[in-house]
Q: 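Just dropping this structure here.
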Amino acid sequence: EAGVAQSPRYKIIEKRQSVAFWCNPISGHATLYWYQQILGQGPKLLIQFQNNGVVDDSQLPKDRFSAERLKGVDSTLKIQPAKLEDSAVYLCASSLGGGTETQYFGPGTRLLVL
Amino acid sequence: GDSVTQMEGPVTLSEEAFLTINCTYTATGYPSLFWYVQYPGEGLQLLLKATKADDKGSNKGFEATYRKETTSFHLEKGSVQVSDSAVYFCALSDRGTGGFKTIFGAGTRLFVKA
């Protein structure tokens, strides 16, 4: 069974530029999560989708971050414009449902904003 | 709100030593508790979980018991190996107003010396 796929693995941009990350969850998983992991900290949930609907985006900085999950499968997370403090690893995870099931994580995208 | 606190690292042990990584939590409901592990160069993966009080999760020689009275979920292993060197994250998943939310601790880095 294929795992959660993310691309790109690394990205370096200058502040005020835009960037987009892509995630393809495990086939059949209804719930998709985007996390931000700043160096030395645990992952922080940015947004959670159930199929193609948003369940929780309370910690998403909506003035610069946006995410979509068209057709309830893969998802993109965009930052526009980027700030220095956005430098982090962006993790995508998926689970079968939206309860307390195990989440399966992708390898992450490491973003550096200069 | 809900939170997870785990002991700061790094923790450095010799091979075959006993490991304890402390984790305590605060939650308004009755959360499920997890330990995730991140090996060097890899994504997060579930190590073990417990869904109700007094449950014991176990995997690969690691154990953790859900203690509601002390709001703790400490990770233990009787004899660590060099291959256990990784970052360990304690996490909880609890029902909130917008559905289930997962909160991670800051992570504890473990180094095991041969």
Q: Does CD in A/Gln41 sit with more than 12 non-hydrogen atoms of other residues, nucleotides or ligands closer than 6.0 Å?
A: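 Counting neighbours around CD of A/Gln41, more than 12 heavy atoms of other residues, nucleotides or ligands fall under 6.0 Å, so yes.
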
Q: More than 12 non-hydrogen atoms from neighbouring residues, nucleotides or ligands closer than 6.0 Å to OH on B/Tyr30, yes or no?
A: no

Q: Counting heavy-atom pairs under 4.5 Å to chain A, which of B/Leu92, B/Val87, B/Ile103, B/Leu44 comes out on top?
A: B/Leu44

Q: For A/Leu84, does the CG atom sit with more than 12 other heavy atoms under 6.0 Å from it, leaving out its own atoms?
A: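 Count over threshold, so yes.
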
Q: Taking distance alone, no hydrogens or angles, what donor-acceptor pairs closer than 3.5 Å link side-chain atoms of residues 2-21 of chain A to residues at least two apart or in another chain?
A:
{"residue": "A/Gln6", "atom": "OE1", "partner": "A/Cys92", "partner atom": "N", "Å": "3.1"}
{"residue": "A/Gln6", "atom": "OE1", "partner": "A/Gly108", "partner atom": "N", "Å": "2.9"}
{"residue": "A/Gln6", "atom": "NE2", "partner": "A/Tyr90", "partner atom": "O", "Å": "3.0"}
{"residue": "A/Arg9", "atom": "NE", "partner": "A/Gly108", "partner atom": "O", "Å": "3.3"}
{"residue": "A/Gln17", "atom": "OE1", "partner": "A/Glu14", "partner atom": "N", "Å": "2.9"}

Q: Please look at B/Gln38 and chain A and tell me whether the side chain, the backbone, both or neither of the residue comes under 4.5 angstrom of a heavy atom of that chain.
A: side chain

Q: Quick one: does A/Tyr33's side chain have a donor or acceptor within less than 3.5 Å of a partner on B/Thr102's backbone?
A: no

Q: Could you tell me which portion of A/Ile38 (side chain, backbone, both or neither) has an atom closer than 4.5 angstrom to a non-hydrogen atom of chain B?
A: neither

Q: Can you tell me if B/Glu16 has over 12 outside heavy atoms packed within less than 6.0 Å of its CD?
A: no

Q: Would you say that A/Phe105 contacts B/Glu42 through its side chain, given a criterion of any heavy-atom pair below 4.5 Å between the two side chains?
A: no

Q: Would you say A/Pro43 and B/Tyr36 make side-chain contact, with heavy atoms under 4.5 Å?
A: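 Counting from C-beta outward, A/Pro43 and B/Tyr36 never come under 4.5 Å.
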
Q: Working to the nearest 0.5 angstrom, can you tell me the gap between B/Lys101 NZ and A/Leu45 CG?
A: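 If we round to the nearest 0.5 Å, B/Lys101:NZ and A/Leu45:CG are 7.0 Å apart.
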
Q: Looking at every non-hydrogen atom in both residues, tell me the closest pair between A/Gln37 and B/Phe89 and how far apart they are.
A: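 Looks like NE2-CZ, 3.2 Å.
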
Q: Kindly work out whether a path of hydrophobic side-chain contacts (I/L/V/M/F/W/Y, heavy atoms less than 4.5 Å apart) joins A/Tyr35 to A/Leu32.
A: no

Q: If two hydrophobic side chains count as joined below 4.5 Å and joins carry through other members, does B/Phe34 share a cluster with B/Leu48?
A: no

Q: Taking the side chain as everything from C-beta on, heavy atoms only, tell me whether A/Gln103 gets closer than 4.5 Å to B/Leu46.
A: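 They are not in contact (no side-chain heavy atoms under 4.5 Å apart), so the answer is no.
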
